[in-house]
There are 2 protein chains.
Amino acid sequence: MTEPVVAPGRARGGRRDEILATFTRHVAERGYDRANFGDVASELGMSKGTIVHHFGTKDRMLAEVQERYMRRRLAEAHVLLARLTAPEQRIAAFVHAGVRYSTEEPATTVAFQREVVRLTDEPGMETARAQRDAYRDLVVAVLRDGEADGVFVPGDARLRSLQMFGSLHWMWTWFDPAGRMRAQDVAAEFCRTLLRGLGVGEAAVVAAADPDGPVARCVAEVCAPRP
Amino acid sequence: MTEPVVAPGRARGGRRDEILATFTRHVAERGYDRANFGDVASELGMSKGTIVHHFGTKDRMLAEVQERYMRRRLAEAHVLLARLTAPEQRIAAFVHAGVRYSTEEPATTVAFQREVVRLTDEPGMETARAQRDAYRDLVVAVLRDGEADGVFVPGDARLRSLQMFGSLHWMWTWFDPAGRMRAQDVAAEFCRTLLRGLGVGEAAVVAAADPDGPVARCVAEVCAPRP
DNA sequence: CTACTCTGCCCGTACGTGCGGTCAGTTCAC
DNA sequence: GTGAACTGACCGCACGTACGGGCAGAGTAG
């Protein structure tokens with residue numbers, strides 16, 4: 001699950017990343033409130049104090065998880081937007097990417113989605129909230145552009161983005177990466193229903209949703225686990 | 001916010017309902033883990049012991065919240081299915097009803113949606129889980145029927161139901177019943193995108209999604225706050 | 001090379017607090 | 001009398017975090 005970071009013994013940055021990864025997994029499994037330093041520390045064979053030394057408080061640890069996650073997602077989103085230009089392809093890419101994360105980095109994704117609500121009010125989450133809003137704005141802009149181009153039927157772009165994010169963010173409650181259903185097939189089905197719902201023609205829908213099509217391949221390249 | 005139940009003093013069933021309502025609101029606002037007996041009790045001007053006397057444990061309180069909520073939703077769903085027969089109308093009714101709850105009973109709805117995940121594993125939640133599954137099965141059945149009738153384009157009915165529930169269950173993170181946006185308009189937009197995505201013809205889509213149309217009116221009657 | 005110091009990583013413990021739940025006992029309606 | 005509603009004091013525990021110190025490696029003066 002957690003790849004060996006650098007080498008045994010003293011790794012660059014110490015065990016900081018290791019702590020963060022384990023904490024993330026615990027948040028994913030039990031939620032933030034029930035995740036605690038003691039369990040993380042004992043699982044890693046270290047002291048609670050070590051965690052405090054590296055991160056200070058629990059809040060900040062969660063904030064760091066969220067910020068790291070959103071930073072990667074934002075970076076990838078910009079690359080995808082640069083490579084794909086058709087509105088329906090761009091939307092499809094967001095969906096494929098959103099679903100893909102659930103298998104690629106299940107722990108981080110679930111941890112993020114479980115605790116997004118803390119972005120809205122909790123102090124210290126301003127950065128992560130801004131990142132999340134920026135991401136949503138990217139999607140809204142694509143929906144507006146597509147609408148202006150006549151690719152999507154007129155409608156409320158913000159509501160549509162929320163409808164789309166809802167489907168994706170809810171996945172953590174039912175999707176099992178180890179289950180029978182493949183992530184790509186979920187993405188394809190979601191894409192088809194969504195794009196068709198936006199008024200995209202059937203041929204373009206099928207092409208953009210295809211789990212082996214150009215959009216999905218592009219997403220696979222961009223979102224590949226970093227080397 | 002909380003309507004005066006019966007009369008001051010000794011109400012039928014004691015203050016049990018009052019406790020449950022306040023607890024529900026606290027769960028909606030802070031989540032289950034951060035909701036505690038002390039705050040509920042002091043807000044109601046009673047002792048913690050009273051709450052324990054009525055409900056035993058915190059788990060059971062949550063279970064009762066979930067079960068009451070799902071019981072009402074299931075009852076209404078059956079009425080709606082009896083009154084509406086066209087697949088696209090039935091799906092639209094589920095969406096309208098789902099959105100409507102967010103304004104009609106914000107506390108209960110948010111409390112339920114925030115903590116649905118506990119239905120999957122936590123013991124003592126079997127009843128609520130069964131109710132939730134039954135509800136989802138109703139939707140899946142409608143999707144399958146519509147598919148068989150040729151109203152919906154072929155696809156994975158279970159995935160589609162999850163896509164739909166995702167959009168609705170996510171609402172608690174962004175929808176503000178007191179905000180500018182009306183629930184009915186959210187429902188209309190969601191309906192339009194979803195039904196169109198299922199392959200329903202444009203005329204039927206517009207009719208079923210109309211916030212003042214027959215489907216919405218039917219839902220309003222059935223889901224009216226009980227007298 | 002040696003000795004000394006500085007610094008960042010890490011440990012173990014202890015403290016304070018908040019919370020779920022218990023219990024013995026009181027009040028009150030019937 | 002009987003039983004339900006209710007109280008308030010109390011317990012035990014889990015958890016976040018503060019704190020003091022240990023230890024190894026880098027830098028530096030001699």
Side-chain angles (χ1 to χ4, degrees), chain A residues 5-66 111 114-115 118 122-125, chain B residues 5-66 111 114-115 118 122-125:
Chain A
V5 193
V6 186
R10 198 69 69 248
R12 157 252 51 230
R15 313 217 237 167
R16 202 166 184 281
D17 291 349
E18 212 176 338
I19 294 170
L20 208 60
T22 306
F23 175 71
T24 302
R25 214 184 59 247
H26 283 220
V27 171
E29 285 166 4
R30 320 178 193 173
Y32 176 76
D33 287 319
R34 288 170 131 77
N36 60 297
F37 287 0
D39 289 348
V40 172
S42 77
E43 186 176 318
L44 257 40
M46 65 175 61
S47 157
K48 279 202 290 180
T50 307
I51 300 181
V52 176
H53 166 73
H54 281 292
F55 296 95
T57 68
K58 204 181 166 188
D59 309 338
R60 273 214 278 281
M61 258 182 110
L62 182 65
E64 189 157 337
V65 171
Q66 311 271 52
R114 260 191 110 133
E115 308 297 338
R118 295 182 197 275
E122 226 105 327
M125 292 287 192
Chain B
V5 193
V6 185
R10 200 68 71 249
R12 144 292 15 245
R15 313 216 240 167
R16 203 167 183 280
D17 290 349
E18 212 175 339
I19 295 171
L20 207 61
T22 305
F23 175 71
T24 303
R25 214 185 59 247
H26 283 221
V27 171
E29 286 165 4
R30 319 178 193 173
Y32 175 76
D33 286 318
R34 288 170 132 78
N36 60 295
F37 288 177
D39 289 348
V40 172
S42 77
E43 185 176 320
L44 259 40
M46 65 174 63
S47 157
K48 270 204 302 180
T50 306
I51 300 181
V52 177
H53 167 72
H54 281 293
F55 296 95
T57 69
K58 204 182 166 188
D59 309 336
R60 272 214 277 281
M61 259 183 108
L62 182 66
E64 190 158 335
V65 171
Q66 310 273 51
R114 261 191 110 132
E115 308 296 338
R118 294 183 197 276
E122 225 105 329
M125 292 286 191

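All chains are named by letter (A, B, ...) in the order of the sequence lines, taking the proteins before the strands, and each is independently numbered beginning at 1.
A:F37 comes within 4.0 angstrom of a base, heavy atoms only. Among the protein residues, B:A41 comes within range of no part of the nucleic acid, since none of its heavy atoms lies under 4.0 Å from any strand. When heavy atoms are screened at a 4.0 angstrom cut-off, B:G49 is found touching base atoms of the nucleic acid.
For C:dC9, one of the phosphate oxygens OP1 or OP2 lies less than 4.0 angstrom from a side-chain nitrogen or oxygen of A:H53. Contact annotation: A:H54 side-chain N/O to C:dC9 OP1/OP2 distance is not under 4.0 Å. The side chain of A:R16 contributes no N or O atom lying less than 4.0 Å from OP1 or OP2 of C:dC10.
When distances run from any side-chain atom of B:K48 to the nucleotides C:dG20, C:dC9, D:dT17, the shortest one goes to C:dG20. In the set C:dG20, C:dC11, D:dC15, the nucleotide with an atom closest to the side chain of A:N36 is D:dC15. Taking the side chain of A:S47 as heavy atoms from C-beta on, and the options C:dG20, C:dG12, D:dT7, the nearest nucleotide is C:dG12. With distances taken from any side-chain atom of B:V52 to the nucleotides C:dC10, C:dT22, C:dG20, the minimum falls on C:dT22.
Residues B:Y32 and B:V27 share a closest heavy-atom pair of N-CG1, 3.9 Å.
Every residue two or more places apart in sequence or in another chain was checked for a side-chain contact (heavy atoms from CB on, under 4.5 Å) with B:H53, and none qualifies.
A straight line from CD1 of A:I51 to C1' of C:dG8 spans 18 Å, rounded to a whole angstrom. In this structure, CG of B:D39 is placed 11 Å from P of C:dG18, rounded to the nearest angstrom. Rounding to whole angstrom units, CZ of residue A:R34 and P of C:dC19 are separated by 14 Å. Rounded to an integer number of Å, the gap from B:K58 NZ to C:dT22 P is 15 Å. Rounded to whole Å, the distance from CG on B:D33 to C1' on D:dA14 is 13 Å. Going from atom CD1 of A:I19 over to atom C1' of C:dC11 covers 12 Å, rounded to whole Å. Rounded to whole angstrom, the span from the CZ atom of B:F55 across to the P atom of C:dG20 amounts to 14 Å. Per the geometry, CZ belonging to A:R60 stands 15 Å off P belonging to D:dG16, to the nearest Å.
Ionic pairing of A:R118 and A:D33 is present here: one or more N-O contacts between side-chain nitrogen and carboxylate oxygen are shorter than 4.0 angstrom.
Across the interface with DNA chain D, nearest-nucleotide mapping of A:T57 and B:M46 shows B:M46 to be the residue nearer the 5′ end.
A distance of 9.5 Å separates OG1 in A:T50 from CG in A:L44, rounded to the nearest 0.5 Å.
Among residue pairs with one or both ends in residues 45-64 of chain B, those qualifying as salt bridge (charged side-chain N to carboxylate O under 4.0 Å, His left out) are B:R16-B:E64, B:E64-B:R68; sequence neighbours excluded.
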